[in-house]
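What follows is a single structure, written as C-alpha cells, with notes after it.
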Amino acid sequence: MNVVSQSGPVEGSQRHVILDAMRGFALLGICLANFPEFSLFTFLKPEAVAEMPGYGIDRVTKYLIYLFVDGKFYTIFSLLFGIGFSIILENNLKRGANGIAVFYRRMIYLLLIGFAHLMLIWSGDILMLYAAVGMLLPLFRNLRDKTIFIWACSLLVLPVIVDYVCEWTGVYLSAKLVEWQGLYCDRYGITDDNFAYWLRDARSYGDVFKFLIQGAFERMSEFVDGNRYFKVAGLFLLGYIIGRNKGFSRIGEFRKLLKYLMIIGLVVGLPLSGFYSWSSVNGKPLGLGAHSALYLSSVYITAFGYIAAICLLYNKFSSAAIWQFLAYPGRMALTDYILQSVLGMFIFYGIGFGLGADTGLFSTEWIALGVFVFEMLLSMFWLKMFRFGPLEWIWRCLTYNRLFSILKAP
C-alpha cells in the first residue's frame, strides 16, 4: 500500500471520550435487541413460547425490551455515525486531503464488510444499509444547518406517510422480496414448522448458509417494510449537524437544552413507548400507520432523552471510571458488533452449543449482557496493547491506502 502522509484516522489523543462511551452504550443496547433473534426466540410460534417454563417472565421481558430498548439504541448509533462523518470530513480537509474521496472509500469497504456479515454470519446486518445511505451524506455538506434539519425531520416523518398509504392501498413494496425468500425456502426445505429450529438443528455450516441466503431476502424486506433507509438518513443528518457544530465537545454550553430533552424523553417519550410496546406485543392492533406514528413519537424522543441524560452525567462526573469502561468497546465498535454475531452463532446454533429455540427471552437477555461484559473486558485488554481494534485497523488501512502500525509505541 502507498503511504499517504496527509490523511489518516483519528488518533487516541484526538478522540472524544463521550462519543466512544456513547457508542459503547449503544453497543450494549444493540446486543440486547439482537440476541432474541440469535436465540431464535423471535421465530418461535406463540404456542411454543407458551410451553416454555419462563413464559410469564418472558412476556414481561418482551414488553420491557420494546419499552426501553427497541429502536432506541439503533437511533443513538445512527446519530453517532453522522457525527463521525463530520469528523472524518473535517480532519481530512484540514490535512489537505480529499475528505470526500476518503469518505467514499470508507463507505465502500464498510459495504463489503456488511455484505460479508450478512451472507456469512448473520441475516440481521445493519452495516450495508449504513454504508449505502452514508454515501448520500456528502450531498448535504454545503447546506445550512436549518435546511439539513428540515430534510432530517422530513425523512423521519416520511415512513408514517408511506405506511398509511400502503395500508390504505394494500400495496406493499416488499412483496417481490418476500416472494424470492419463499422460493429459496422451498428450494432448501425451510418451512413454517422448522423455521425456528433450522439453525439450532444445523450440523454443518452449509446448513447455516442455506438459512442465511433466505435470511438476506428477509432482511431486505424488513428494510423496505420498516422504511429503514428514510429513518437512517434522517438520523445521519441530525448527527451531521451535531458533529459539524462540535456539539459533542460543548456539552456544558447546552446544559439547559439537554435537561429539556431529558425531561421530555422521560415524561413524554417513555409513556408513549409504553403504547408502542403494547402495539408491538399485540401485533399492531391499531394498524400499520398508527404503529408507525407511535414509533415516530416515542422511540426517537426516548432515545434523545437517553443521549441527553448521558451527556449531563458525563458533564458532571467526567472523571468517573464508567466512561472509560464504556469507551473501550466504543473504540472497537465494528469489531465488537461483528463479534456479537459470531458469539451469538456459536452460543445458539447447532454448529456451536445449540442453545437456540430452547432458551427463554429472560435468559437470552442475561446471556446478551454477559456477552457485552466480555466484549468490554476484551476491548480493554486489547487496547492496552494495540492502537485499533482488528477490524478497525483493516478498515483504516484499506480506507487510507496505507499500512498503519497496529501496535502501540513502547
Side-chain angles (χ1 to χ4, degrees), residues 7-10 16 19-20 22-23 26-27 30 71 73-93 97-119 124-143 145 147-149 151-156 158-159 216 219-220 222-224 226-245 247-248 300 303 307 330-338 389 391-392 394-401:
S7 64
V10 175
H16 294 271
L19 291 182
D20 288 329
M22 193 84 71
R23 199 173 290 111
L27 276 172
I30 288 170
F73 291 88
Y74 124 81
T75 294
I76 297 173
F77 215 71
S78 300
L79 282 170
L80 290 167
F81 190 98
I83 293 173
F85 165 63
S86 69
I87 294 174
I88 293 168
L89 181 60
E90 179 181 325
N91 285 344
N92 284 286
L93 290 177
N98 188 337
I100 302 300
V102 170
F103 180 76
Y104 275 120
R105 286 204 302 271
R106 189 172 179 84
M107 291 302 98
I108 289 170
Y109 287 120
L110 182 64
L111 186 72
L112 294 175
I113 293 171
F115 181 75
H117 182 224
L118 177 76
M119 298 305 302
D125 175 76
I126 194 69
L127 300 178
M128 282 187 66
L129 179 65
Y130 274 17
V133 175
M135 290 181 186
L136 301 175
L137 286 177
L139 301 176
F140 296 85
R141 71 187 187 280
N142 294 322
L143 299 180
D145 288 346
T147 304
I148 297 176
F149 183 75
W151 268 99
C153 292
S154 300
L155 287 165
L156 294 178
L158 189 56
R219 187 58 168 169
M220 295 303 106
E222 287 174 356
F223 286 158
V224 173
N227 299 293
R228 279 287 191 97
Y229 28 81
F230 296 134
K231 296 174 182 177
V232 168
L235 293 169
F236 280 4
L237 291 176
L238 289 178
Y240 177 64
I241 295 173
I242 295 170
R244 79 175 184 181
N245 286 282
F248 50 85
Y300 299 135
I307 293 170
R331 289 176 59 188
M332 290 175 48
L334 177 61
T335 296
D336 284 328
Y337 174 72
I338 300 296
L391 288 182
E392 284 75 13
I394 294 171
W395 191 19
R396 280 162 169 76
C397 290
L398 292 172
T399 296
Y400 295 98
N401 195 30

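Here the structure is a predicted model, which is why all the values come from computation and not from measurement.
The backbone N or O of Ile126 sits nowhere less than 3.5 Å from a side-chain atom of Arg228 that would complete a donor-acceptor pair. Distance alone, capped at 3.5 Å, is enough to place a donor-acceptor pair between the Tyr104 side chain and the Met135 backbone.
The stretch residues 76-85 participates, sequence neighbours left out, in these side-chain hydrogen bond (donor to acceptor under 3.5 Å, both in side chains) pairs: Ser78-Tyr130.
Tested against Arg106 for a side chain to side chain contact (heavy atoms under 4.5 Å, CB included), the candidates Leu398, Leu111, Ile88 yield a single pass: Ile88. Of the options Ile148, Leu155, Leu156, Thr75, a side chain to side chain contact (heavy atoms under 4.5 Å, CB included) to Leu238 is made by Leu156 and by none of the others.
The shortest non-hydrogen separation linking Thr335 to Gly389 is OG1-C, 4.0 Å. Residue Ala216 comes nearest to Leu118 through the heavy atom pair CB-CD2, 4.0 Å, listed as atom of the first residue, atom of the second, then distance. In terms of heavy atoms, Ile30 sits closest to Phe73 at N-CB, 4.0 Å. Residues Phe149 and Ile241 share a closest heavy-atom pair of N-CD1, 3.6 Å. Annotation for Gly124 and Arg219: closest pair O-NH2, 2.9 Å, computed over non-hydrogen atoms. The nearest pair of heavy atoms linking Met107 to Gly134 is SD-CA, 4.2 Å.
Between Phe248 atom CZ and Leu19 atom CG the span is 5.5 Å, to the nearest 0.5 Å. We find the CG-CZ distance between Leu391 and Arg396 to be 11.0 Å, quoted to the nearest 0.5 Å. Between Arg105 atom CZ and Tyr400 atom OH the span is 8.5 Å, to the nearest 0.5 Å.
Under the side-chain contact (heavy atoms from CB on, under 4.5 Å) criterion, Leu127 pairs with Leu110, Ile113, Asp125, Leu334, Tyr337, Ile338, not counting sequence neighbours. Listed by chain and number, the residues in a side-chain hydrogen bond (donor to acceptor under 3.5 Å, both in side chains) with Asn245 are Asp145 (sequence neighbours excluded). Partners of Thr147 according to the side-chain contact (heavy atoms from CB on, under 4.5 Å) rule, which considers only residues two or more places apart in sequence or in another chain, are Leu143, Arg144, Trp151. By the side-chain contact (heavy atoms from CB on, under 4.5 Å) test, Ala116 is found to be paired with Leu120, residues two or more places apart in sequence or in another chain being considered.
Shown here is Phe115, whose CZ atom has no more than 12 heavy atoms of other residues, nucleotides or ligands within 6.0 Å.
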### Task
Determine, stepwise, if the pair Leu79 / Met22 fulfils side-chain contact (heavy atoms from CB on, under 4.5 Å).
CA-CA 10 Å; Leu79 282 170; Met22 193 84 71; over 6 Å; no
Notebook entry, point to check: Where do Leu235 and Ile76 land on the side-chain contact (heavy atoms from CB on, under 4.5 Å) test, with the steps shown first?
Noted result: CA-CA 9 Å; Leu235 293 169; Ile76 297 173; over 6 Å; no
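Side chains of Ile108 and Thr399 form no contact here, defined as non-hydrogen atoms less than 4.5 Å apart. Side chains of Tyr74 and Lys231 form a contact here, defined as non-hydrogen atoms less than 4.5 Å apart.
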Side chains of residues 80-87: which donor-acceptor pairs under 3.5 Å do they make with residues two or more places apart or in other chains?
| unit_1 | atom_1 | unit_2 | atom_2 | d |
| --- | --- | --- | --- | --- |
| Ser86 | OG | Ile83 | O | 2.6 |

